[in-house]
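Here's the structure we're looking at; comments come further down.
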Amino acid sequence: MALRLYDSLEARLRKFEPLVPGEVGMYVCGPTVQSSPHIGHLRSALAYDLWRRWLTYRGHRVTFIRNVTDIDDKILAFAAKPGDAAGEQWWALAYRYELEFTTAYTRLGVLPPTYEPRATASIQQMLDLIARLIEKGHAYAAPDGSGDVYFDTKSWPAYGALTRQSLDDMVAAADADPRGKRDPRDFALWKGRKEDEPESASWPSPWGAGRPGWHVECSAMSARYLGSAFDIHGGGLDLRFPHHENELAQSTAAGDDFAKYWVHNGLVTVEGQKMSKSLGNSIYAAEFLAESEPVVVRYYLSSTHYRSTLDYHEGALREAEAAYDRIRTFLERSTRELERAGVAAERADVVPQAFGEALDDDLSTPEAFAVLHETVRAGNALLDEGSLETAADRRAEVLAMVRVLGIDPSDPQWSGGGDTAAEGALRVLVERLLTERQEARATRDFARADLIRNELAEAGIALEDAPGGTHWSIDG
RNA sequence: GGUGGAGUGGCCGAGAGGCGAGGCAGCGGCCUGCAAAGCCGUAUACGCGGGUUCGAAUCCCGUCUCCACCUCCA
């Protein structure tokens, strides 16, 4: 079955066919580094990480670009003003938050992009794009001497194509400052420097010193790294308008083919309420990742389809942990039992067909997880009945799936870099107690056996008696 | 006003004309000295009202409710 994805521009599922067979260029709108990352950022980054991993698994060579917007109104607003020597410089502030994003992404197991361009490093490409637009009559410098340059939306009949809106139906923002615009819906490509903005936040241009508008950044950077035509453009649903609409208008008006497919991920709500910077109800990445193991967070964020709204509610992570533990427990158990029986556990690294079909169908992770859990159940049943060879097949499938999804419990990514000396000492002590308990059980002294089990439980060590011996685990 | 989306069992969450996805929680059973883990079984679920059809959660008409976007947003 062919891989299909939902294209927001055409508003339908489309068969995925890369411009160049075997090669995929993917551009994702990264964060504006003006505040700390929250769950929404994690969810978005994870959605494209999964797309990228799946496209790669299906044999494509993916060039994955995710930008960092490191200059914008709010970054300047939150940073030191000229003359404020003690304040934090805008570039320091932007970089500080960029590091927070990188940390959060890394902890979640989001693979680093092929390249992560910062907006401020592509100013020349933006100026070139703006010049082309002026030349073609789709942009103009404001006549008010502000140094602003605007995109002329009325000059581009296709404006509104991405969100299927007609210019006339758009409600002009009540607080919109018309400045030097011909039409309130025109948007800034270049913003002339204002008195209270630091000089370090402006670049020379034919229209005066200033800085780029937000939308032009992505048009310039995607073309710079992926070419004027590339395969997939992704970003949060909230970016569809105006950001992506404007990107599309700019790039196509300048003569670029731009993205072949547009992909948008759903947003995260908290207890049914929209989460946003302005409402201040955000759950930040750092606290969220501290609430549970990062791999469980990843499982949780992956388990809803990427285009659906993900409503976070109290207890959701606990449920995710219980579900994920089924998978983790099966992998540990099967590894242990196959090893003990001397059955070779290694098998080809191939996912079940149904799993592949699920992900081929617009990255249907919910269905993929269903296949994963069904395979776990089948594997457990086979272990129960002693069919170890077929159980080993199921185990290999589970491993393959879990690897594609980036939630392999045995991946060093998730192990907290434990203290091996302490672990060794603990093992000696626990095993001594287990031997003692085994002796008690052999003489049917169950009171003593249970006492040992309870004491270990109090220390956070759980026991499982299996035919081949007793297995212990920490916090199990 | 315009554009798009959603209402599914106690909870989460898929599916999109006919075999009740999957997970969490619950209940019953098997296994176990007892547990744990695991397995098996267990639900007359599709906002409401009509209609089409042999058959509708799925299609059509109407209706209610909720959400998002319409120049800060992942």
Side-chain angles (χ1 to χ4, degrees), chain A residues 8 11 28-32 34-35 37-48 72-74 77 160 163-166 168-173 175-177 184-188 214-215 234-243 245-246 264-269 272-279 282 299-300 303-305 307-311 313 315-316 318-326 329-330 332-333 354 358 364-374 376-377 379-385 441 444-446 449-450 453-454 457 462-467 470-471 473 476:
Chain A
S8 305
V28 173
C29 284
T32 299
Q34 61 185 19
S35 56
H38 53 62
I39 320 184
H41 294 112
L42 294 183
R43 203 255 175 130
S44 179
L46 182 56
Y48 302 106
D72 95 313
D73 292 351
K74 283 201 175 162
T163 47
R164 281 169 289 284
Q165 300 180 95
S166 78
D168 300 330
D169 290 329
M170 290 181 197
V171 180
D175 60 346
D177 174 6
R185 287 153 293 209
D186 292 354
F187 56 89
W214 178 32
H215 319 300
L237 197 55
D238 52 349
L239 297 183
R240 247 161 89 251
F241 193 92
H243 187 50
E245 191 74 77
N246 291 352
H264 289 97
N265 63 276
L267 305 183
V268 177
T269 57
Q273 249 214 327
K274 178 194 166 171
M275 182 176 68
S276 76
K277 290 173 191 171
S278 58
L279 287 180
S282 304
Y299 176 96
Y300 168 65
S303 58
T304 302
H305 186 83
R307 284 197 286 118
S308 303
T309 300
L310 175 69
D311 185 43
H313 59 97
R318 242 177 297 116
E319 285 173 22
E321 185 170 19
Y324 181 67
D325 275 339
R326 271 178 65 75
T329 304
F330 167 69
E332 287 169 0
R333 177 190 177 199
S364 182
T365 49
E367 288 177 84
F369 275 111
V371 175
L372 177 53
H373 277 105
E374 278 163 6
V376 165
R377 181 167 40 71
N380 272 319
L382 290 164
L383 287 174
D384 282 353
E385 69 174 46
R441 290 177 74 204
R444 303 192 66 81
D445 182 359
F446 296 122
D450 290 349
R453 183 168 62 194
N454 290 340
L463 303 189
E464 291 171 36
D465 294 324
T470 298
H471 173 67
S473 58

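Here is the naming used below: chain letters follow the sequence lines, and residue numbers restart at 1 for every chain. Everything quoted here is computed from the prediction, not taken from an experiment.
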Presence of donor-acceptor pair under 3.5 Å, side chain of R453(A) and base of A35(B) | yes
Inter-nucleotide C1' distance (G7(B), C48(B)), Å rounded = 11 Å
Can you find a side-chain donor-acceptor pair between T32(A) and Q34(A) that sits under 3.5 Å?
-> no
Contact class for H243(A) vs. all strands (heavy atom < 4.0 Å): base, sugar-phosphate, or nothing?
-> nothing
How long is the line joining CD of Q273(A) and C1' of A68(B), in whole Å?
-> 13 Å
Starting from the 5' end of RNA chain B, give me the residue, H313(A) or P31(A), whose nearest nucleotide shows up first.
-> H313(A)
Could you check whether R164(A) gets within reach of a base, just the sugar-phosphate, or nothing at all, counting any heavy atom under 4.0 Å?
-> sugar-phosphate
Using a cut-off of 4.0 Å on non-hydrogen atoms, how would the nucleic acid contact of G236(A) be classed: base, sugar-phosphate, or nothing?
-> sugar-phosphate
Spacing of R444(A) atom CZ relative to G33(B) atom C1', expressed in whole Å | 5 Å
With side chain to side chain contact (heavy atoms under 4.5 Å, CB included) as the test, would you mind laying out the steps for R441(A) and T470(A) before giving the verdict?
-> CA-CA 12 Å; R441(A) 290 177 74 204; T470(A) 298; 4.0 Å; yes
Parallel, tilted or perpendicular for H243(A) and H215(A), by the 30°/60° rule?
-> tilted
Along nucleotides 22-27 of chain B, 5' to 3', which nucleotides get a B, which get an S, and which get a -, given that the test is a protein heavy-atom distance under 4.0 Å?
-> SBS---
Between NE2 of H38(A) and P of C72(B) the distance, given in whole Å, is 15 Å
Between N380(A) and R326(A), is any side-chain donor less than 3.5 angstrom from a side-chain acceptor?
-> no
If you pin T309(A) and L239(A) to their nearest nucleotides in RNA chain B, which one's is more 5'?
-> T309(A)
Nucleotide C12(B), atom P - distance to CD of E321(A) in whole Å | 20 Å
D384(A) CG to C39(B) P, in whole Å, measures 7 Å
Closer than 4.0 Å, any side-chain N/O of T304(A) to the OP1 or OP2 of C12(B)?
-> no
Taking the side chain from R307(A) and the backbone from L237(A), do they hold a donor-acceptor pair closer than 3.5 Å?
-> no
Integer-rounded Å distance: U32(B) P and R441(A) CZ = 11 Å
Pairwise P distance, G1(B) and U53(B) [rounded to whole Å] | 36 Å
Per atom distances to the R185(A) side chain, the nearest of U71(B), C12(B), A74(B) is U71(B)
Reckon D465(A) touches a base, only the sugar-phosphate, or nothing at all at heavy-atom distances under 4.0 Å?
-> base
N380(A) side chain near C39(B) phosphate (N/O to OP1/OP2, under 4.0 Å) | yes
Does Y300(A) offer a backbone N or O that forms a donor-acceptor pair with the side chain of S303(A) under 3.5 Å?
-> yes
G29(B) and A36(B), which share atom name P, separated by this distance in whole Å = 14 Å
Whole-Å distance between C72(B) P and M275(A) CE?
-> 18 Å
Rounding to the closest angstrom, what is the interatomic distance between G41(B) and C24(B) at atom P?
-> 15 Å
Distance between the P atoms of C70(B) and C46(B), in whole angstroms?
-> 36 Å
Distance between the C1' atoms of G26(B) and C34(B), in whole angstroms?
-> 22 Å
Once you round it to whole Å, what is the distance between P of U3(B) and CG of D238(A)?
-> 21 Å
Rounded distance in Å between the P positions of C54(B) and A14(B) = 34 Å
Which value, in whole Å, describes the distance between the C1' atoms of nucleotides U3(B) and A43(B)?
-> 39 Å
